[in-house]
K.L.:
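I have a structure I would like to understand better, so I am pasting it below and will then ask my questions one at a time.
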Amino acid sequence: MTTNTLANSASSGKVRLRRRIAGGEPARVVIFFVLLLISAVMFFPFVYMVINSFRTQQQYLQGSGFSTQSWHLLFQEMPVGTEFLNSTIVAACAIVLILIVATSAGFAFAKLRFRFHYVVFIGIVGAMMVPVQSIIIPEYVNFARFGLINNYVSAILTYTALGTPFATFLMTAFFRGLPDELIEAGLCDGLSYRGSFFRIALPMALPALATVAVLQFIQIWDDFLVALLFLQSPAVRTVTVGLGVLSSGRVVGIPVLMAGSLLSAIPAVVVYLFFQRYLVTGLTLGVSR
């Protein structure tokens, strides 16, 4: 009886395996290994950077050994704390302004009807196609006339102008997915459009807000061009500009630059990993609708 049961189980297992193979399991296996290969290629530079940041220049040339000397040199040659604080101030202020403008504009484009609103919206979407290199010099000249070079304000306003079009597009797509009945119910209960925005639409838009905040933080934190032009003074330099100055101002070992690059990449990686669930939710709720 037991032998027959085992035989039947083995036979049913083979049948299930054949069904899986016939149902497309080999394709899934191939896709899995392809994605695994792509992940290995993507992670290799990061692993290479981590390993070589814990080596001296001599160990790096030899390809063996480990040391923390490069990290000590990094903190000696570069004001890490000040530059991290500058990057945080610029990124946080720009993100707050982007969220304020994008959420209000997105709600207006999605739920309100005013003259030429389609034309204005197309103009905002078209602004995403304008390369930053084409406007950075006029921006520099204008801010220089007002004495705002080497000032947080110039970098914050530039990042806000560059990030607002995409954020507005995303928030508009999200608010369009909200049922109009919710807003109409709020209006029937005595709320104005402003009250409906703050009490109904905005609380429901938290995933989209998190998506915009994460994407803009990564973009602003890793940016080099805007910060290099507007924040040249050592007192207001961001961490990316500090690394550029460190690599060009004097002869520095590659492991030191690896350590600095790793240190500057950690905040963006941590923010992405922490808000990954909200990021995916915001993109699926916004753009897919």
K.L.:
Does W221 use its side chain to pair, donor to acceptor, with the backbone of S264 at less than 3.5 Å?
P.N.:
yes
K.L.:
Report yes or no: does S104 contribute a side-chain atom to a donor-acceptor pair with the main-chain N or O of V101 at less than 3.5 Å?
P.N.:
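Yes: the side chain of S104 pairs with the backbone of V101.
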K.L.:
What is the distance from atom CZ of F33 to atom OG of S39, rounded to the nearest 0.5 Å?
P.N.:
12.5 Å
K.L.:
What distance separates Q58 CD from S67 OG, expressed to the nearest 0.5 Å?
P.N.:
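The distance works out to 12.0 Å.
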K.L.:
If a pair satisfies side chain to side chain donor-acceptor pair (under 3.5 Å) and one of its residues is in residues 139-162, list it, with sequence neighbours excluded.
P.N.:
N86-Y152, Y159-D223
K.L.:
Taking the side chain as every heavy atom from C-beta outward, state whether T168 and I98 have any pair of such atoms under 4.5 Å apart.
P.N.:
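SC-SC contact between T168 and I98 ruled out.
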K.L.:
Check A110 against F175 and note the closest heavy-atom contact, atom names and distance.
P.N.:
CB-CB, 3.5 Å
K.L.:
Quick check: does any side chain N or O of R55 sit under 3.5 Å from a backbone N or O of Y60, one acting as donor and the other as acceptor?
P.N.:
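Not a single qualifying donor-acceptor pair exists.
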K.L.:
Under 4.5 Å between any side-chain heavy atoms of F275 and V271, yes or no?
P.N.:
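In short, these two side chains touch, coming nearer than 4.5 Å.
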K.L.:
Identify the residue among E77, E83, Q76 that makes a side chain to side chain contact (heavy atoms under 4.5 Å, CB included) with P79.
P.N.:
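Only one option passes, and that is E83.
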K.L.:
With a 4.5 Å cut-off on side-chain heavy-atom distances among I, L, V, M, F, W and Y, is there a chain of contacts connecting V214 to V96?
P.N.:
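No, no single cluster joins them.
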K.L.:
Nearest 0.5 angstrom please: L225 CG to L162 CG, how far?
P.N.:
9.5 Å
K.L.:
Could you give the distance from CD (Q57) to CD (Q62), rounded to the nearest 0.5 Å?
P.N.:
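CD of Q62 is found 11.0 Å from CD of Q57.
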K.L.:
Within this structure, what is the CD-CG distance for the pair E184 and L191, rounded to the nearest 0.5 Å?
P.N.:
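Those atoms lie 13.5 Å apart.
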K.L.:
Indicate yes or no: at least one non-hydrogen side-chain atom of S261 is less than 4.5 angstrom from one of M49.
P.N.:
yes
K.L.:
Decide yes or no for L262 and F46: does some side-chain heavy atom of the first lie under 4.5 Å from some side-chain heavy atom of the second?
P.N.:
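Side-chain contact under 4.5 Å: yes.
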K.L.:
Run through L73, L74, V241 and flag the one making a side chain to side chain contact (heavy atoms under 4.5 Å, CB included) with L246.
P.N.:
L74
K.L.:
Under 4.5 Å between any side-chain heavy atoms of F66 and I51, yes or no?
P.N.:
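Yes - at least one pair of side-chain heavy atoms lies under 4.5 Å apart.
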K.L.:
Can you name the residues that form a ring-ring contact (aromatic ring centres under 6.0 Å, His included) with F54, not counting sequence neighbours?
P.N.:
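Here the qualifying residues are W71.
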K.L.:
Taking ring-ring contact (aromatic ring centres under 6.0 Å, His included) as the cut-off, I'd like each qualifying pair that reaches into residues 190-212, sequence neighbours left out, listed once.
P.N.:
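As it turns out, the ring-ring contact (aromatic ring centres under 6.0 Å, His included) pairs with a partner in residues 190-212, which skip direct neighbours, are F107-F197.
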K.L.:
Grab the two heavy atoms, one from A91 and one from F217, that are nearest each other, plus how far apart they are.
P.N.:
CB-CD1, 4.0 Å
K.L.:
If only atom types and distance count, is the side chain of S87 paired as donor or acceptor with the main-chain N or O of V239 below 3.5 Å?
P.N.:
yes
K.L.:
May I ask you to decide if I183's main-chain N or O and K111's side chain share a donor-acceptor pair within less than 3.5 Å?
P.N.:
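Side chain of K111 to backbone of I183: no pair is present.
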K.L.:
Honestly curious: do F169 and L112 fall in one hydrophobic cluster under the side-chain, below-4.5 Å linking rule?
P.N.:
yes
K.L.:
Is there a side-chain contact between L228 and T238 (heavy atoms, below 4.5 Å)?
P.N.:
no
K.L.:
Less than 4.5 Å apart, side chain to side chain, heavy atoms only: is that true for F166 and Q216?
P.N.:
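Answer yes - side chains close enough.
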K.L.:
Using modelled atom types and a 3.5 Å cut-off, is there a donor and acceptor pairing between side-chain atoms of Q59 and backbone atoms of T56?
P.N.:
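Answer holds: yes.
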K.L.:
Taking all non-hydrogen atoms of both residues, which atom of F174 and which atom of M204 are closest, and how far apart?
P.N.:
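Distance-wise, the nearest heavy atoms are CZ-O, 3.1 Å.
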K.L.:
As an exercise, state the distance from CG of L170 to OG1 of T103, rounded to the nearest 0.5 Å.
P.N.:
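It is 11.5 Å, given to the nearest 0.5 Å.
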K.L.:
Would you indicate whether the side-chain heavy atoms of M128 and V125 approach each other to under 4.5 Å?
P.N.:
yes
